[in-house]
Amino acid sequence: MTTAHWRRRLPRVTLLLAAVTLVAVACSGAAAGRPPAVAGTGNASQPGEPVAEPSTFLSLGIRWPVRGDANADASIGVRYRRRGETVWQEALPLFRTDPKSVSDENRVPDGWLFAGSIVDLVPDTGYEVALALSDPDGGSAERTLTMRTAAEPREPAGMRIRHVVPAGPADRGPGTGAAGDPFRGLRAAQAAAAPGDLFLLHTGVYAERTWVIDHHGAPGRPIIYRGAGDGETILDGGGGERLVSANGVRHVWLEGLTLRRANFLFVGHSGSNFVIRRCRLEVVGTGITAINGGYNESRGFVITDNVLQGPTRWPRSQGIEDINGVLITGAGHVVAYNRMSNLGDGVHGTEHGRLSASDIYNNDIEASTDDGIEGDDSDTNVRIFRNRITNALSGISAQPAHGGPLYIFRNAIYNVLYSPFKLHNDTSGVLIFHNTSVRSGIPWHIEPGGETVNDVVTRNNLFIGTSGPALRSTGDMVRCDFDRDGYGGAGAPGSLFTISNVFAEWNEQTYGTPASARRAGVLYRRYGAVLVDARGNFASGLEAPGDPSTRFSSARTDLRLAPGSRAVDAGIVLPNFNDGFTDKAPDLGCCELGQPLPHYGPRP
């Protein structure tokens, strides 16, 4: 099938979305609406070879470098199907990243890096991904990649069982690891560890201060340290700097343990294939940090079903508190189904290694005195989705994303003091779909000063607040496309914004209504905004917080829509991101009407 024929088969709404996703529409005038120019090789595309990024349980990511295309009119369509199936599914086109914003190692000489993800897939499953590059100036090409989603780690058969108890009197010796002669202490166990060993850590307090792990497991033969289940297994750092130190270590698992009393509870810089699962971390500084390794060195961390409890208090009273749940860089990581509370940042971003091709999802985050989740300093295909964030200074941060795409979708955000999404430090390449935010104050304000915010696309989000305007930005919005979100103020739909006579403030222009913004053809080009009530949108009866200094329970943050909300059926189709919607059209916000509430936090 030719590329042209394939593109003719795409639904019209898909082609419309492709245009705005690949080359974001102007939001600050015609000149700023053009993609950044590339030098040298002409208008025809000169495609390199697409590269499959490290996969996760639910997502696949692709990068495709393309030289040429100086006039930026090429696009790359995406289809996918399970291996063995005949029917192709549509996905969003690959995203054209800004060559001035991407990291040095991702820059394509005289060209562009296209990147994109396919999400909500089946774990441990093979897929075919068909890519079609189309350029009216020449260079069109098709490629098919064979890819596979990752599998959640499972204990391999045939592991050698070894037993450990807290260290006792030295005259009893280190032990042999047998049930009747267990290793006495973590150091004795680790010194004897080999790939394929499962250490059962029996109940008690392991007070050995810093436990250094320097023995590696192997693919398919990890070293597992697991609480034995006969009582709480506590690793106690005695108030020191590090509790578990595992720099550069590979294929080691920690399961069912309590970590406490150290500034850094786990340090795994430049490591890979570490599993930290069903642990309790009593955080005083940082819970889990694994940075510096970078894209090729640090791969495949799995951090799931943990409880991370910190010492901060709500509401924020001490400024930014450097107390973080998880810091992770590299690629192919999963941070999911954790409960994080009383921290500065639940998940903290850093430039020391940066993050790519990783998923952060279904976490339950309550009382973050800074950001619930940071996508800061991310490169390509970082995906933040289906998290519940309750009581935070800001919900999700991107300051900056290095060209993206950074996907932020289907998150439930309640009671943020500053803004649901922070777009600072000249961020670039953020795709924000199907999120719900309910807060006191302006529904969504973007206040990075005079910095640029470029190539940001929003669709089908729902923002509820208590004061106008609905949308305010003080940044220089360049090639952004916010063309379909819902906003609610107090009273009847739009009444708050009508009374204030300001619906949006954008690039030093004021728009009194969504209709006037649409007529201007700058903020909206096709769809425009939807106005909803501030009240009556949610079946739970939840409304905007009257006093944001109140700590609200995340367990009561249910942002599923009420059938009568104007947000129902008000969205537009986003292939792969809202497949399976009910009734006439997708709903705005995080949860499609009639679907169950996502599971947030540790799984049973």
Side-chain angles (χ1 to χ4, degrees), residues 153 155 159-217 221-268 271 274-290 302-311 325 338 602:
E155 177 190 322
M159 296 198 74
R160 179 172 60 165
I161 307 298
R162 316 190 79 177
H163 297 265
V164 189
V165 296
D171 58 1
R172 297 185 61 190
T176 63
D181 186 26
F183 291 114
R184 294 172 181 86
L186 302 171
R187 291 187 178 90
Q190 204 276 149
D197 280 350
L198 168 57
F199 292 91
L200 296 179
L201 277 58
H202 292 274
T203 185
V205 177
Y206 293 75
E208 302 178 39
R209 297 185 70 86
T210 300
W211 176 32
V212 177
I213 299 177
D214 57 15
H215 285 206
H216 306 283
R221 299 178 65 211
I223 298 172
I224 302 177
Y225 298 94
R226 178 185 296 159
D230 52 359
E232 189 174 12
T233 300
I234 300 172
L235 278 57
D236 192 307
E241 185 66 8
R242 291 188 182 187
L243 175 54
V244 180
S245 184
N247 287 349
V249 173
R250 302 179 297 277
H251 299 285
V252 173
W253 301 7
L254 303 179
E255 296 184 326
L257 309 174
T258 294
L259 284 68
R260 73 182 189 190
R261 296 217 309 151
N263 193 39
F264 292 90
L265 295 177
F266 173 88
V267 180
F274 231 101
V275 173
I276 303 175
R277 184 163 52 187
R278 299 200 177 278
C279 293
R280 176 178 176 82
L281 295 94
E282 299 177 5
V283 179
V284 295
T286 297
I288 297 167
T289 179
V302 175
I303 302 171
T304 63
D305 303 286
N306 302 289
V307 173
L308 297 95
Q309 175 72 44
N338 302 287

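All of these numbers come straight from a predicted model, not from anything done at the bench.
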> For residues Ile161 and His163, report the shortest heavy-atom separation together with the two atoms involved.
CG2-NE2, 3.9 Å
> Which atoms form the tightest heavy-atom contact between Pro166 and Val205, and what is the distance?
CB-O, 3.5 Å
> So, the side chain of Arg209 versus the backbone of Gly238: is there a donor-acceptor pair under 3.5 Å, distance only?
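Answer holds: yes.
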> Evaluate the side-chain contact (heavy atoms from CB on, under 4.5 Å) criterion for residues His216 and His251: first the C-alpha distance (whole Å), next the side-chain angles of each, then the deciding distance (0.1 Å), finally the verdict.
CA-CA 6 Å; His216 306 283; His251 299 285; 6.0 Å; no
> Sort and list the pairs that fulfil salt bridge (Lys or Arg N to Asp or Glu O under 4.0 Å) and have at least one residue in residues 181-195, not counting sequence neighbours.
Asp181-Arg184, Arg187-Glu208
> Does a side-chain heavy-atom distance below 4.5 Å link Arg278 with Glu255?
no
> Between atom CG of Leu265 and atom CG of Leu235, what is the distance when rounded to the nearest 0.5 Å?
9.5 Å
> If only atom types and distance count, is the side chain of Asn306 paired as donor or acceptor with the main-chain N or O of Thr304 below 3.5 Å?
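At least one qualifying donor-acceptor pair exists.
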> Please report the closest heavy-atom contact between Ala262 and Gly237, naming both atoms and the distance.
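Taking Ala262 first and Gly237 second, the nearest heavy atoms are CB-CA, 4.3 Å.
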> Flag the pair Tyr206 / Val164 as yes when at least one side-chain heavy-atom distance between them is below 4.5 Å, and no otherwise.
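Yes, side chains in contact.
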> Look up atom CG in Leu281 and atom CD1 in Ile276, then write down how far apart they are to the nearest 0.5 Å.
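Rounded to the nearest 0.5 Å, the CG-CD1 separation comes to 7.5 Å.
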> Quick check: closest heavy atoms across Gly268 and Ala290, and the distance to 0.1 Å?
O-CB, 3.5 Å
> I'd like to know if the side chain of Thr203 and the backbone of Thr233 have a donor-acceptor N/O pair within less than 3.5 Å.
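Here the side-chain-to-backbone pair does not exist.
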> Could you check Gln190 against Phe199 for side-chain contact (heavy atoms from CB on, under 4.5 Å), going step by step and ending with a plain yes or no?
CA-CA 9 Å; Gln190 204 276 149; Phe199 292 91; over 6 Å; no
> Can you tell if the side chain of Leu254 reaches within under 4.5 Å of the side chain of Phe274, non-hydrogen atoms only?
yes
> I'd like to know if Asp305 and Arg277 make a salt bridge, using a cut-off of under 4.0 Å between side-chain N and carboxylate O.
no
> Quick one: does Asp197's side chain have a donor or acceptor within less than 3.5 Å of a partner on Arg162's backbone?
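No; zero donor-acceptor contacts below 3.5 Å.
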> Are any side-chain N or O atoms of His202 and backbone N or O atoms of Val165, one a donor and one an acceptor, separated by less than 3.5 Å?
no
> To the closest 0.5 Å, what do you measure between CD1 (Ile224) and CE (Met159)?
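So the gap between those two atoms works out to 4.0 Å.
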> Where is the tightest heavy-atom contact between Val249 and Ile213, given as atom of each residue plus distance?
CG2-O, 3.1 Å
> What pairs with Asn247 under side chain to side chain donor-acceptor pair (under 3.5 Å), at least two apart in sequence or on another chain?
none
> Enter the distance from Glu232:CD to Arg280:CZ here, rounded to the nearest 0.5 Å.
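So the gap between those two atoms works out to 8.0 Å.
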> Counting N and O atoms only, with roles assigned by atom type, does the side chain of Thr286 sit under 3.5 Å from a partner on the main chain of Phe264, one being a donor and the other an acceptor?
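Here the side-chain-to-backbone pair does not exist.
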> How long is the gap from OH on Tyr225 to CG on Leu186, to the nearest 0.5 Å?
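So the OH of Tyr225 and the CG of Leu186 are separated by 8.5 Å.
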> Just to verify, which of Thr258, Leu259, Leu201 counts as forming a side chain to side chain contact (heavy atoms under 4.5 Å, CB included) with Ile234?
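The single option meeting the side chain to side chain contact (heavy atoms under 4.5 Å, CB included) with Ile234 is Thr258.
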> Can you name the closest pair of heavy atoms from Arg261 and Asp236 and give their distance?
NE-OD1, 3.0 Å
> Does Asn263 have any side chain to side chain contact (heavy atoms under 4.5 Å, CB included) partners at least two apart in sequence or in another chain, and if so, which?
Glu241
> Is a side-chain donor or acceptor of Arg260 paired with a backbone partner of Glu282 at a separation under 3.5 angstrom?
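Side chain of Arg260 to backbone of Glu282: no pair is present.
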